[in-house]
Asks: 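Sharing a structure here in structure tokens format.
It should be emphasised that the depicted structure is a prediction, and the values quoted were computed from it without experimental measurement. Just so you know, ligand 1 is whichever comes first in the structure, and atom 1 is the first atom listed for that ligand.
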Amino acid sequence: MGIQEANSAGFVHGGTVMKMCDEAAGIAAVKHSRCRVVTAAIDRMTFMHPVHIGQLLTCRARVNAAWRTSMEVGVRVEAENPRTGEVRHTSTAYLTMVAIDDDGEPIAVPPLAVESDDERRRQREAELRRQNRLNEREQIRAGRTSG
Ligand SMILES: CC(C)(COP(=O)(O)OP(=O)(O)OC[C@H]1O[C@@H](n2cnc3c(N)ncnc32)[C@H](O)[C@@H]1OP(=O)(O)O)[C@@H](O)C(=O)NCCC(=O)NCCS
């Protein structure tokens, strides 16, 4: 991370990290679907520690779950001090990416092959986040129509 990424406190802008997560998630989703994808939502983004100028940032993205046309991609961000080798987990993000055709219409994605216990856990947790999101949307809609 260079000086151009700094905020007024001298750390890296959260928006810079979000953009990197979005790009990493997009690549993971394209590799799974072999289609163009768009970001439908950033469902969650946590910042556990600040990232300092001079640190090397690594974003690891993986598809946690695939539904009809959408996928949840989880991104883990680690910051490394290149002089000491110390690595810290600084952020986690969950994004919903949707595969689209040439007309920009959602298109079906292949199912995700889930094999290990870790992959099964990630898929289960992604299902929970999706369900919570859909429930929240329903409750908000119901609240608006009844009010
Ligand atoms: C994402 C987009 C393609 C969805 O189009 P749509 O007409 O709502 O399509 P659908 O209702 O058929 O939904 C398609 C999928 O997107 C998911 N989706 C739509 N809106 C969503 C949202 N706000 N959050 C999470 N998922 C969403 C649906 O759950 C569905 O998933 P599924 O097929 O796996 O069940 C459309 O809203 C779009 O193009 N948005 C702009 C994306 C963009 O420009 N991103 C960059 C922002 S700078």
Asks: Which residue and non-hydrogen atom of the protein lie closest to atom 47 (C) of ligand 1, and at what distance in Å?
Replies: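 I find the closest protein heavy atom is Thr39 O, 4.3 Å.
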Asks: Of the protein's non-hydrogen atoms, which lies at the shortest distance from atom 24 (N) of ligand 1, and what is that distance?
Replies: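 It is Ala41 CB, 3.5 Å.
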Asks: Please check: side-chain N/O of Thr92 versus main-chain N/O of Thr46, any donor-acceptor pairing under 3.5 Å?
Replies: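 Looks like no, no N/O pair under 3.5 Å.
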Asks: Can you give me the closest heavy-atom contact between Gln55 and Ala79, atom names plus distance?
Replies: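 The answer is OE1-CB, 3.4 Å.
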Asks: Would you mind listing which atoms of ligand 1 come within a distance below 4.0 Å of any non-hydrogen atom of Ser70?
Replies: 31 (O), 32 (P), 34 (O)
Asks: How does Glu72 reach ligand 1, if at all, at less than 4.0 Å between non-hydrogen atoms: by side chain, backbone, both, or neither?
Replies: neither
Asks: With heavy atoms under 4.0 Å as the rule, classify the contact between Glu105 and ligand 1 as side chain, backbone, both or neither.
Replies: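 Within the 4.0 Å criterion, Glu105 makes no contact with ligand 1.
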Asks: Does a side-chain N-to-carboxylate-O contact under 4.0 Å join Arg124 and Glu127?
Replies: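 No, this pair does not count.
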Asks: Output yes when a side-chain donor or acceptor of His89 lies under 3.5 Å from a complementary backbone atom of Ser91, and no otherwise.
Replies: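 The answer is yes, because a donor-acceptor pair under 3.5 Å joins these two groups.
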Asks: Among protein heavy atoms, which sits nearest to atom 39 (O) of ligand 1, and what does the distance come to when rounded to 0.1 Å?
Replies: Val38 CG2, 4.3 Å
Asks: Looking at Val75 and Ala61, what are the two nearest heavy atoms and their distance?
Replies: CG2-CB, 4.0 Å
Asks: Under 4.0 Å from any heavy atom of Trp67, which atoms of ligand 1 are there?
Replies: 34 (O)
Asks: Using only heavy-atom distances, determine whether the side chains of Asn81 and Glu86 contain a donor-acceptor pair under 3.5 Å.
Replies: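 No donor-acceptor contact under 3.5 Å links the two side chains.
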Asks: Between Leu95 and Met45, is there shared hydrophobic-cluster membership here, with clusters defined by ILVMFWY side-chain heavy atoms closer than 4.5 Å?
Replies: yes
Asks: Among all protein heavy atoms, pick out the one at the shortest distance from atom 16 (O) of ligand 1; state its residue, atom name and that distance to 0.1 Å.
Replies: Val98 CG2, 3.3 Å
Asks: I'd like to check atom 43 (C) of ligand 1 in this structure: does the protein have a heavy atom lying under 4.0 Å from it?
Replies: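 When distances to the protein are checked, atom 43 (C) of ligand 1 has a heavy atom within 4.0 Å.
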Asks: I need the nearest protein heavy-atom contact for atom 21 (C) of ligand 1: residue, atom name and distance, please.
Replies: Ala40 CB, 4.1 Å
Asks: Quick one: does atom 7 (O) of ligand 1 have a protein heavy atom under 4.0 Å from it?
Replies: no
Asks: Looking at non-hydrogen atoms alone, which of Pro106, Ala108, Gly104 comes nearest to atom 10 (P) of ligand 1?
Replies: Pro106
Asks: Quick check on atom 32 (P) of ligand 1 - does any protein heavy atom sit closer than 4.0 Å to it?
Replies: yes
Asks: Locate the shortest heavy-atom distance separating Thr90 from Pro50; write the atom from each residue and the value.
Replies: CG2-O, 4.4 Å
Asks: Does ligand 1 have an atom that lies less than 4.0 angstrom from a heavy atom of Arg133?
Replies: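 Judged by the 4.0 Å heavy-atom criterion, Arg133 does count as contacting ligand 1.
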Asks: Does the distance from a Lys or Arg side-chain N to an Asp or Glu carboxylate O, for Glu72 and Arg122, drop under 4.0 Å?
Replies: no
Asks: Does the protein place a non-hydrogen atom closer than 4.0 angstrom to atom 1 (C) of ligand 1?
Replies: yes
Asks: Return the closest protein heavy atom for atom 35 (O) of ligand 1 as residue, atom name and distance.
Replies: Arg130 NH2, 3.2 Å
Asks: Give a yes or no on whether a salt bridge exists between Arg121 and Asp118, defined as a side-chain N under 4.0 angstrom from a carboxylate O.
Replies: yes
Asks: Check the surroundings of atom CG in Leu134: do more than 12 heavy atoms from other residues, nucleotides or ligands lie under 6.0 Å from it?
Replies: yes
Asks: Rounded to the nearest 0.5 Å, how far does OH of Tyr94 lie from CZ of Arg129?
Replies: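 Answer for the CZ-OH pair, Arg129 versus Tyr94, is 4.0 Å.
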Asks: Does the protein put a heavy atom less than 4.0 Å from atom 14 (C) of ligand 1?
Replies: yes
Asks: Can you tell me the protein heavy atom closest to atom 26 (N) of ligand 1 and the distance?
Replies: Thr96 CG2, 3.6 Å
Asks: Record the part of Thr69 in heavy-atom contact with ligand 1 below 4.0 Å; permitted values are side chain, backbone, both and neither.
Replies: both
Asks: Could you check atom 12 (O) of ligand 1 against the protein and tell me its nearest heavy-atom contact, residue, atom and distance included?
Replies: Arg68 NH2, 3.6 Å
